[in-house]
Amino acid sequence: MFRLIYASLSDPALDGSEVYSLLAKSKSNNQNSGVTGVLIYGQGYFLQVLEGNRDQVNSVFQRIFIDQRHHDVRIIAAEDLDARDFDTWSMEIIGWPDELDSSMKQILKETTGHDELKPFELDGTQVISLLKKLVRQEGLLGRL
Ligand code: FAD
């Protein structure tokens, strides 16, 4: 099992419906290739975890890397795993709001040590612990 985490800058012209259609395509492709994961979108960033067979994750990432809907794609971590952390979703989204409520601020502070989301400064452990807490927050998963 393999995991790849990357962050990128989203195309500023992208709107919510385009992100939802990108998500729908991702879900169906990933279902076919056994890839699972989570995608954060907001404040001009994408931050994504892809888990699965090494070849499959690489193949998805090669398509993602050249996708015109984002740029400055930076790998945060790429590592072998004993088991997936996010095995429930072929892909699911968490919208990152411009204004954080107190519980999100607390989660961010606890897991990254920062008050703001700075994906390019995070390491893989911080991303996974942030995501594990976010996916447990009611109402966040699946929403922009
Ligand atoms: P098609 O969907 O038929 O696309 C063919 C080509 O057109 C591709 O090069 C595609 O990038 C491009 N394209 C399609 N629609 C648009 C559009 N609206 N605007 C610009 N170009 C477009 N794909 C996955 O399979 N799994 C993922 O987890 C995943 N996560 C992604 C995360 C992010 C942040 C981004 C930006 C893209 C993600 N994608 C993901 C999409 C991926 O980049 C490819 O677009 C997709 O995998 C191509 O699917 P396809 O081969 O079925 O081709």
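We count ligands from 1, going down the list as the structure has it; atoms in each ligand are counted the same way.
Within ligand 1, the atoms closer than 4.0 Å to a non-hydrogen atom of Y6 are 32 (C), 33 (C), 34 (C), numbered from 1 in the order shown. The atoms of ligand 1 that sit less than 4.0 Å from any heavy atom of M91 are 28 (O). Of all atoms in ligand 1, listed by their number and element, those nearer than 4.0 Å to a heavy atom of N30 are 24 (C), 25 (O), 26 (N), 27 (C), 28 (O). Which parts of ligand 1 touch R63 is read off a 4.0 Å heavy-atom cut-off, strictly below it: atoms 24 (C), 25 (O), 43 (O), 46 (C), 47 (O), 48 (C), 51 (O). Per-residue contacts place L22 under 4.0 angstrom from the following atoms of ligand 1 (heavy atoms of the residue considered): 31 (C), 32 (C), 33 (C), 35 (C), 36 (C), 37 (C), 38 (C). Counting atoms of ligand 1 from 1 in the listed order, those under 4.0 Å from a heavy atom of V60 are 24 (C), 26 (N), 27 (C).
Remark: atom 33 (C) of ligand 1 lies closer than 4.0 Å to at least one protein heavy atom. In this structure, atom 8 (C) of ligand 1 has no protein heavy-atom contact shorter than 4.0 Å. Counting only heavy atoms, the protein gets under 4.0 Å from atom 36 (C) of ligand 1. Inside a 4.0 Å radius of atom 26 (N) of ligand 1 there is at least one protein heavy atom. In this structure, atom 4 (O) of ligand 1 is not in close contact with the protein, since no protein heavy atom lies within 4.0 Å of it.
By the rule that hydrophobic residues join a cluster once side-chain heavy atoms approach within less than 4.5 Å of another member, I94 and L122 end up as members of one cluster. In terms of hydrophobic clustering, with Ile, Leu, Val, Met, Phe, Trp and Tyr side chains grouped at heavy-atom distances under 4.5 Å, I93 and L131 are assigned to different clusters. Note on F65 and L50: same hydrophobic cluster, where clusters join Ile, Leu, Val, Met, Phe, Trp and Tyr whose side-chain heavy atoms are under 4.5 Å apart, directly or indirectly.
Atom 30 (N) of ligand 1 has Q48 NE2, 3.2 Å as its closest protein atom, hydrogens excluded (heavy atom only). What sits closest to atom 53 (O) of ligand 1 on the protein, heavy atoms only, is K25 CE, 4.1 Å. In this structure, atom 49 (O) of ligand 1 lies nearest to the protein heavy atom N29 ND2, 3.2 Å.
Residue-ligand proximity: L23 is placed with every non-hydrogen atom at 4.0 Å or more from ligand 1. Taking a 4.0 Å cut-off on heavy atoms, E18 fails to register as neighbouring ligand 1. For R69, the heavy-atom gap to ligand 1 drops under 4.0 angstrom.
Taking 4.0 Å as the cut-off between side-chain N and carboxylate O, R69 and E18 do not count as a salt-bridged pair. The pair R3-D80 does not meet the salt-bridge criterion, since no charged nitrogen lies less than 4.0 angstrom from a carboxylate oxygen. A salt bridge links D85 to K132: one of the charged nitrogens lies within less than 4.0 Å of a carboxylate oxygen.
Considering backbone and side-chain N/O atoms, S8 never comes within less than 3.5 Å of an N/O atom of ligand 1.
Evaluated by nearest non-hydrogen atom to atom 39 (N) of ligand 1, the leading choice among S26, A7, S90 is S26. Distances from atom 11 (O) of ligand 1 to the heavy atoms of D67, L14, T36, V57 show the closest one on D67.
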Is there a side-chain contact (heavy atoms from CB on, under 4.5 Å) between H70 and I64? Walk through the geometry before answering. CA-CA 9 Å; H70 65 166; I64 293 173; 3.5 Å; yes
Intermediate values then yes/no, salt bridge (Lys or Arg N to Asp or Glu O under 4.0 Å), K105 and D115: CA-CA 6 Å; K105 273 188 194 155; D115 293 326; over 6 Å; no
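Ring pair F61/Y6 is tilted by interplanar angle, where 30° to 60° counts as tilted.
Although no hydrogens or angles enter the test, the distance criterion places no donor-acceptor pair under 3.5 Å between the side chain of R74 and the main chain of A7. Here the side chain of T36 pairs a donor or acceptor atom with the backbone of F86 at under 3.5 angstrom.
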Name every donor-acceptor pair, under 3.5 Å, that has one atom in a side chain of residues 135-144 and the other anywhere in the protein, sequence neighbours excluded.
unit_1: Q137; atom_1: NE2; unit_2: S103; atom_2: OG; d: 3.1
unit_1: R143; atom_1: NE; unit_2: G139; atom_2: O; d: 3.4
unit_1: R143; atom_1: NH1; unit_2: G139; atom_2: O; d: 3.2

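Contacts of L50 with ligand 1, taken as heavy-atom pairs under 4.0 Å, involve the side chain alone.
Under the 6.0 Å cut-off for aromatic ring centres, Y45 and F120 qualify, their centroids lying closer than that.
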